[in-house]
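Each remark here refers to the structure printed beneath this line.
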Amino acid sequence: MTHRFNPTSLREYDIRGIVGKTLGPDDALAIGRTFGTLIRRAGGTRVAVGRDGRVSSPMMQTALIEGLVASGVDVVRVGLGPTPMLYYAEATLEVDGGIQITGSHNPADYNGFKMVFQHRPFFGEDIQKLGRMAAEGDWETGAGEVTDADIMDDYVGRLFAGYAGG
């Protein structure tokens, strides 16, 4: 099995497109398979996944998680929240990477994926490599597990601590 992304969706800092036209669940599945493969090959085992409130985000999350667990990594769902909450989760939970499903500032028919790999930004050549690996079907296989982590209160507490000088 291989997957080719619409070339307009592989951006410098994220993978993004118009849902149903240049980005869909098959892309999300391939992102999960490939990102999970990269995590495993770097010695990692767990990835945090968050999503925004767009109508298409739950569907994209389901496909993304399917791909991640098929690559053999465990997934920690952190739920609905802003991208900085996913970054907080990736920094504080015992995970090796994170993916936020978000259309960011784009119109409602867009969606996308922002990634963090072992506490570092995942962009540029990393995204292009992910695209090449998917096109080649270069994926690990396995059976990861899915758990949930409720981090909203901790995240909001951290935000308030920042305002209070903590």
Side-chain angles (χ1 to χ4, degrees), residues 1-5 9-17 23-52 57-104 111-155 157-159:
M1 183 172 114
T2 63
H3 181 80
R4 294 206 182 275
F5 292 97
S9 67
L10 300 178
R11 308 287 183 108
E12 181 69 14
Y13 294 101
D14 59 12
I15 298 173
R16 182 176 62 220
L23 190 73
D26 289 346
D27 298 301
L29 178 71
I31 291 166
R33 290 288 306 265
T34 310
F35 190 82
T37 294
L38 290 167
I39 290 290
R40 284 192 59 197
R41 290 178 183 169
T45 60
R46 296 178 77 204
V47 174
V49 173
R51 63 178 174 85
D52 70 9
S57 291
M59 166 187 68
M60 294 296 204
Q61 177 179 280
T62 298
L64 175 71
I65 290 173
E66 181 183 338
L68 287 164
V69 299
S71 75
V73 298
D74 295 331
V75 173
V76 180
R77 286 186 299 220
V78 298
L80 176 66
T83 302
M85 188 175 91
L86 180 274
Y87 295 155
Y88 174 81
E90 197 273 339
T92 60
L93 298 175
E94 291 183 19
V95 295
D96 304 296
I99 302 176
Q100 176 75 5
I101 302 160
T102 178
S104 189
N111 214 331
F113 303 84
K114 294 181 182 282
M115 293 159 274
V116 182
F117 188 88
Q118 295 184 326
H119 311 301
R120 296 186 323 268
F122 187 88
F123 70 102
E125 176 53 30
D126 300 320
I127 291 173
Q128 296 306 312
K129 179 179 180 180
L130 187 146
R132 288 190 302 272
M133 288 174 64
E136 296 166 3
D138 183 8
W139 293 315
E140 297 290 329
T141 58
E145 297 181 3
V146 181
T147 57
D148 294 304
D150 183 1
I151 65 160
M152 181 66 78
D153 289 344
D154 290 343
Y155 171 66
R158 176 62 189 99
L159 291 175

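Between Gly131 and Leu10 the shortest heavy-atom distance is CA-CD1, 4.0 Å. Contact detail for Val78 and Ala48: the closest heavy-atom pair is CG1-CB, 4.4 Å. Among all heavy-atom pairs drawn from Thr141 and Arg40, the shortest one is O-NH1, 2.9 Å. Between Ala63 and Ala28, the closest heavy-atom pair is CB-CB, 3.8 Å. The heavy-atom pair separating Asp52 from Ser57 by the smallest distance is OD1-OG, 2.5 Å. When all heavy atoms of Gly32 and Leu68 are compared, the pair lying nearest together is O-CD2, 3.4 Å.
To the nearest 0.5 Å, atom OG1 of residue Thr102 and atom CG of residue Leu86 are 10.0 Å apart. Atom NZ in Lys114 sits 10.5 Å away from atom OH in Tyr13 (nearest 0.5 Å). Remark: Arg51 CZ to Thr83 OG1 distance equals 13.0 Å, nearest 0.5 Å. Note that CE of Met133 and NZ of Lys129 are 6.0 Å apart. Values are rounded to the nearest 0.5 Å. If you take CD on Gln61 and CG on Asn111, they are separated by 11.0 Å, rounding to the nearest 0.5 Å. Taking CD1 of Ile127 as the reference point, atom OG1 of Thr34 lies at 12.5 Å (rounded to 0.5 Å).
Classification of Glu145 and Arg46 as a salt-bridged pair fails, no side-chain N sitting under 4.0 Å from a carboxylate O. Residues Arg77 and Asp148 are paired through a salt bridge, judged by an N-O separation under 4.0 Å between the basic side chain and the carboxylate. Here Asp138 does not pair with Arg33 in a salt bridge; the nearest charged N to carboxylate O distance is not below 4.0 Å.
No side-chain heavy atom of Met115 sits under 4.5 Å from any side-chain heavy atom of Asp14. Phe113 is not listed as a side-chain neighbour of Gln100, based on a closest heavy-atom distance of 4.5 Å or more. Asp96 has its side chain out of reach of Val73: every pair of non-hydrogen atoms, C-beta onward, lies at least 4.5 Å apart. Side chains of Phe117 and Asp126 form no contact here, defined as non-hydrogen atoms less than 4.5 Å apart. At a threshold of 4.5 Å between non-hydrogen side-chain atoms, the residues Val146 and Val75 count as touching. Contact annotation: the side chain of Arg158 never approaches that of Thr92 to less than 4.5 Å [non-hydrogen atoms, C-beta and beyond]. Taking 4.5 Å as the limit, every side-chain heavy atom of Val76 sits out of range of all side-chain heavy atoms of Val49. Residues Ile31 and Ile15 form a side-chain contact, since some pair of their non-hydrogen atoms from C-beta on lies under 4.5 Å apart.
The neighbour count for Glu94 CD, taken as heavy atoms of other residues, nucleotides or ligands under 6.0 Å away, does not exceed 12. More than 12 heavy atoms of other residues, nucleotides or ligands lie within 6.0 Å of CZ in Arg11, so this atom counts as buried by the packing criterion.
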Review point. Step by step, would you call Arg16 with Leu23 a side chain to side chain contact (heavy atoms under 4.5 Å, CB included)?
Key: CA-CA 7 Å; Arg16 182 176 62 220; Leu23 190 73; 5.7 Å; no

Exercise for review: Go through Glu136 and Arg4 one step at a time and tell me if the salt bridge (charged side-chain N to carboxylate O under 4.0 Å, His left out) criterion holds.
Suggested key: CA-CA 9 Å; Glu136 296 166 3; Arg4 294 206 182 275; over 6 Å; no

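If you look at Phe122 and Phe35, their ring centroids are closer than 6.0 Å.
Side chains of Asp27 and His3: a donor on one and an acceptor on the other come within 3.5 Å. Residues Asp74 and Thr45 have side chains that never bring a donor and an acceptor to within less than 3.5 angstrom of each other.
In this structure a side-chain-to-backbone donor-acceptor pair under 3.5 Å is present from Thr37 to Glu140.
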